[in-house]
Protein chains: 2
Amino acid sequence: MSLVTNTDVPEPIGAASPTCLLRDVLDRVGDKWSVLVMALLGDGPRRYSELQRSIEGISQRMLTLTLRSLERDGLVRRTVTPTSPPRVDYALTPVGETLSVEVSSLIRWAERHREYVATSRLRYDA
Amino acid sequence: MSLVTNTDVPEPIGAASPTCLLRDVLDRVGDKWSVLVMALLGDGPRRYSELQRSIEGISQRMLTLTLRSLERDGLVRRTVTPTSPPRVDYALTPVGETLSVEVSSLIRWAERHREYVATSRLRYDA
DNA sequence: CTGGATCCCCAATGATACTG
DNA sequence: CAGTATCATTGGGGATCCAG
């Protein structure tokens, strides 16, 4: 189960070997909105406007950029219905589903422990 | 299992209610280094210098700031042994252990799917 | 409704030098 | 060894306007 120190000369974590995209993938999780978008889509497909209403404080620009990145990574599928006005639905791909499980788990962790974190900060700042 | 849409009028995810620190906690996971530090400490306590050597590309400044934040949040415990030269060990708190499990799971996801993501990007860019 | 294009800013990060 | 202090940078993200 050792993640990085299972060899005598441990490879630095996040090392930039040609095939190592750990940093890239973590950056996806690390950006401000991807985790929330993935969690929402985990409940089922959503329209662009639904996502925007559901995510507090996201701008059009960032929602679009986030969705484009997720689509590029093969995690989200974009479906355009050329009606007037146009309708665009976003859904997870099969691989996206597996990531959604992870990030949803993370969000539940945050919800379970946010009170602990809050009191820890108060204590530390005193 | 619904994460955010289990009510008729769904609460915006990440909403800034007084007690909602979801954003803060996610920001901790979202910064560039916390995830890697938590994953490493999941294998057991580490000295400052061990962490620095193990994490590719982290600066002294960022390692210190990251550890301070994690300590402030009650996720990491800092132990100083006042020898000469001084020795400082970092270990996960019990709550930190539970977060480490989550982020390690995330890292394993990234490792399992980085090839898929890479090829997805190539295809998208074409 | 679903974006694309622009401008702009600041906070996160890096680099460097110094210290008990 | 384990930091602290300072400065420079940059790109992530917000605001706004426009368009099919």
Side-chain angles (χ1 to χ4, degrees), chain A residues 12-16 22-38 40-41 45-73 76-91 124, chain B residues 12-16 23-38 40-41 45-73 76-91 124-125:
Chain A
I13 196 171
L22 183 58
R23 179 84 268 157
D24 304 69
V25 180
L26 286 183
D27 283 350
R28 172 84 38 258
V29 173
D31 74 29
K32 194 171 178 181
W33 304 109
S34 289
V35 167
L36 297 177
V37 169
M38 291 298 293
L40 275 169
L41 292 181
R46 292 284 187 280
R47 298 186 58 171
Y48 182 87
S49 49
E50 291 177 322
L51 289 172
Q52 184 159 26
R53 274 194 306 274
S54 298
I55 302 178
E56 179 86 7
I58 195 171
S59 63
Q60 280 192 338
R61 168 188 162 78
M62 287 317 297
L63 179 55
T64 299
L65 288 181
T66 300
L67 289 168
R68 288 290 175 277
S69 293
L70 294 173
E71 187 190 6
R72 183 168 107 102
D73 289 353
V76 159
R77 181 169 31 87
R78 180 171 179 269
T79 309
V80 182
T81 309
T83 57
S84 180
R87 173 197 177 108
V88 182
D89 286 271
Y90 292 91
Y124 185 93
Chain B
I13 196 172
R23 179 83 268 157
D24 304 68
V25 180
L26 286 183
D27 282 350
R28 172 84 37 258
V29 173
D31 73 28
K32 195 170 177 181
W33 303 110
S34 290
V35 167
L36 297 178
V37 170
M38 292 298 292
L40 276 170
L41 292 181
R46 293 284 187 280
R47 299 185 57 171
Y48 182 89
S49 50
E50 291 177 323
L51 290 171
Q52 184 160 23
R53 275 193 305 274
S54 299
I55 301 177
E56 181 85 9
I58 194 171
S59 62
Q60 279 193 334
R61 170 188 162 77
M62 287 317 297
L63 179 55
T64 299
L65 287 181
T66 300
L67 289 168
R68 287 289 177 279
S69 291
L70 294 173
E71 188 191 4
R72 183 169 107 101
D73 288 354
V76 159
R77 181 168 31 89
R78 180 172 179 269
T79 309
V80 182
T81 310
T83 57
S84 178
R87 174 197 178 105
V88 182
D89 287 272
Y90 292 91
Y124 185 93
D125 294 342

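A note on names: the letters A, B, ... follow the listed sequences, proteins ahead of strands, and every chain is numbered from 1. Every value quoted in this text rests on a predicted model; they were computed, and no experiment measured them.
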Rounded to the nearest 0.5 Å, what's the gap from CZ on B:Arg53 to CD1 on B:Ile58? Could you check? 13.5 Å
Heavy-atom side-chain contact between A:Tyr124 and B:Asp73 under 4.5 Å: no
In this structure, how many angstroms lie between the P atom of D:dA2 and the CG atom of B:Leu63, rounded? 10 Å
I want to verify a distance call: between C:dT2, D:dG3, C:dG14, whose nearest atom is closest to the B:Trp33 side chain? C:dG14
Whole angstroms only, please: what is the CG-P distance between A:Leu26 and D:dG12? 15 Å
If I take atom CG in residue B:Asp89 and atom P in nucleotide D:dG3, what distance separates them, rounded to the nearest angstrom? 10 Å
Per A:Lys32 side chain, nearest of listed nucleotides D:dG14, C:dC1, C:dG14: D:dG14
Does OP1 or OP2 of D:dG3 have a side-chain N or O of B:Arg47 closer than 4.0 Å? no
Using the side-chain heavy atoms of B:Gln60, tell me which of these nucleotides is nearest: D:dT4, C:dT2, D:dC1. D:dT4
In whole Å, I'd like the distance from the CE atom of A:Met62 to the P atom of C:dG4. 13 Å
B:Arg28 with B:Asp24: basic N within carboxylate O range, under 4.0 Å: no
Is there a side-chain contact between B:Ser49 and the phosphate of D:dA2, meaning an N or O under 4.0 Å from OP1 or OP2? yes
Does A:Arg61 get its side chain close enough to the base of D:dT16, under 3.5 Å, for a donor-acceptor pair? no
Comparing B:Ser59 with B:Pro85, nearest DNA chain C nucleotide closer to 5' gives the residue B:Ser59
Atom-to-atom span, CG of A:Leu70 to P of C:dG3 - whole angstrom: 13 Å
Quick one, A:Leu70 and A:Met38 - any side-chain contact, counting heavy atoms below 4.5 Å? yes
Rounded to whole angstroms, how far apart are CZ on B:Arg53 and P on D:dG3? 14 Å
Closest to the B:Pro86 side chain: D:dA2, C:dT2, D:dG3? D:dA2
From the candidates C:dC1, C:dG3, C:dT13, the one with an atom nearest any side-chain atom of A:Tyr48 is C:dG3
Interatomic distance, A:Ile58 CD1 vs D:dG12 P [rounded to whole Å]: 15 Å
A:Asp27 CG to D:dG11 P: how many Å, rounded? 12 Å
Side chain of B:Asp31 only, heavy atoms from C-beta on: which candidate in C:dT13, C:dG14, D:dG14 is closest? C:dT13
Do the side chains of A:Leu51 and A:Leu67 get nearer than 4.5 Å, heavy atoms only? yes
Phosphate contact (C:dG4 OP1 or OP2) by A:Arg68 side-chain N/O below 4.0 Å: yes
